[in-house]
Amino acid sequence: MDVKDTVMLEIFRYHPETDSEPRFQSYEVPYNEDWVVLDAINWIKDHVDGSLTHRWSCRMGVCGSCGMMVNGEPKLTCAAFLKDYYPFGIKVEPLVNFAVERDLVVDMDGFMDKLQEVKPYIIRDDVNDTSEGEYRQSPAQLAQYKQYSMCINCMLCYAACPVAGHEDEFLGPAALALGHRYNKDSRDQGQAERLDVMLAGEAIWGCTFVGECTVVCPKHVDPAGAIQQAKAMAAQEYFKGFVMPKGTGVSKGADG
Amino acid sequence: MSGQYHRSHRWAWFFERPGYLLFMVRELTCFFVGGYLVVLLVTLGKLAGGGETALVEWLASVSGPWWLTAHLVALVAAVWHTVTWFGAVPQAMPIYLGENRLPAPIAAIVMGYGPWLTVTAVILWWVLR
Ligand code: FES
């Protein structure tokens, strides 16, 4: 590899205190075959422009904080190799469908609220005493939801979802997949509570099964599949609500 | 929070990714399938109406190269819709055998293509016997 080779990065810049509109700034970065786009951005920040703002942490596709648009495609920048773009330039932008805080950093608050809305934790009507040991689960029961538990909250799926960009009420791929993950967990008893949330307005029905969330997911969670399954579950609950007395159907509370 | 930059809505979003375009094509197939159903319903109406002349006249009015083309387009649209639908079924209705999930191509055959071909064969047999 020739270390004198370089690659051009065109980066979205926006500093709210000085810019009323974003602009693009070009940087020439040394080309290194085993570098990822995140390495190039870090190199710019360390050597050229310390004011460039971006999020990252693990550099190994685990923390989910380095998601950006790379040539228009939602990507974990720590998993996007320069060699896959070289010798062409690379355009880096903050994830679409989110408001931009600064440069490549987006506002995650709405996403965090949506995650909380689906109650992503095990809900029990009857809590066992710790002396009774853990709630046991068979490998077959684990298989029912394991795929949906692999989400790293990188929000690439929201950037790939045309509905998430247009419909605020829609909970979005990651949040719905996470809700479904708990609904499918044999130890959980909070399905009715979660389905109440999902059935409201466009929360789940906003999804038209475009399916691109699944295409871009770096962890193969398949949010699109989870959402269709959750829709079927929600529809069943909804119709059960007509035939069953209140308290056993959709609106089942913590104590039934 | 103030100072944030909000990017504008993209009206032509369906051109941005091949997946979006394929999605729109799948959605638009409904017009062709719907159009075909209208023709079929009118035909059934004429048939049920009893008058053989009315049916023959109607059938004559919907033949010819343009109508044939329209029917072919509707057929392609219906097949495309069916194929994409069967492709999506394993995602929406996973089948587990113990710890293992039935692979998508097999699930598509079990839940989609298999029953489809079976029903088609039964109808063909019933019509042609
Ligand atoms: S830096 Fe952690 S996922 Fe990329």
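None of the values given here were measured: they were computed from a predicted structure. Order of the sequence lines sets the chain letters (A, B, ...), proteins ahead of strands, with each chain counted from 1.
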**Student:** Side chain from CB out, backbone as N, CA, C, O: work out which of these in A:Val210 comes under 4.5 Å of a heavy atom of chain B, or both, or neither.
**Tutor:** both
**Student:** If you take all heavy atoms of A:Ala99 and B:Gln4, which pair is closest and at what distance?
**Tutor:** CB-OE1, 3.4 Å
**Student:** Measuring heavy-atom distances to chain B, does A:Val105 have an atom under 4.5 Å in its side chain, in its backbone, in both, or in neither?
**Tutor:** neither
**Student:** Determine, for A:Phe209 and B:Arg26, whether the Lys NZ or Arg CZ falls below 6.0 Å from the six-membered ring centre while staying within 45 degrees of the axis.
**Tutor:** yes
**Student:** Within a reach of under 6.0 Å around OH of B:Tyr36, are more than 12 heavy atoms found that belong to other residues, nucleotides or ligands?
**Tutor:** no
**Student:** Is any side-chain heavy atom of A:Glu101 closer than 4.5 Å to one of B:Tyr5?
**Tutor:** no
**Student:** How about B:Phe15: does its CZ atom have over 12 heavy atoms from other parts shown lying under 6.0 Å from it?
**Tutor:** no
**Student:** Select one option (side chain, backbone, both, neither) describing which atoms of A:Val96 are under 4.5 Å from chain B's heavy atoms.
**Tutor:** both
**Student:** Report yes if the side chains of B:Pro94 and A:Gln147 come closer than 4.5 Å at any heavy-atom pair, otherwise no.
**Tutor:** no
**Student:** Using a 4.5 angstrom heavy-atom cutoff, name the option from B:Arg7, B:Met93, B:Glu99, B:Arg101 with the most pairs to chain A.
**Tutor:** B:Arg7
**Student:** Tell me whether B:Trp80 at atom CH2 has more than 12 heavy atoms from other residues, nucleotides or ligands lying less than 6.0 Å away.
**Tutor:** no
**Student:** Answer yes or no: are there more than 12 heavy-atom neighbours, outside A:Arg136 itself, under 6.0 Å from its atom CZ?
**Tutor:** no
**Student:** Quick one: of A:Glu21, A:Lys231, A:Glu212, who has the most non-hydrogen atom pairs under 4.5 Å with chain B?
**Tutor:** A:Glu212
**Student:** Could you look at A:Thr214 and say if it's the side chain, the backbone, both or neither that has a heavy atom under 4.5 Å from chain B?
**Tutor:** side chain
**Student:** Among A:Gly211, A:Pro94, A:Ser20, A:Gly72, which has the most heavy-atom pairs under 4.5 Å with chain B?
**Tutor:** A:Pro94
**Student:** Report yes if the side chains of A:Gln228 and B:Gln91 come closer than 4.5 Å at any heavy-atom pair, otherwise no.
**Tutor:** no
**Student:** Is the number of heavy atoms from other residues, nucleotides or ligands within 6.0 Å of CZ (B:Phe31) greater than 12?
**Tutor:** no
**Student:** Using a 6.0 Å cut-off, check whether atom CZ of A:Phe111 has over 12 heavy atoms from anything other than its own residue.
**Tutor:** yes
**Student:** Just wondering, are more than 12 heavy atoms of other shown residues or ligands nearer than 6.0 Å to NZ in A:Lys114?
**Tutor:** yes
**Student:** Does some side-chain heavy atom of B:Arg17 sit less than 4.5 Å from a side-chain heavy atom of A:Glu73?
**Tutor:** yes
**Student:** If you take all heavy atoms of A:Ala159 and B:Tyr20, which pair is closest and at what distance?
**Tutor:** O-OH, 4.2 Å
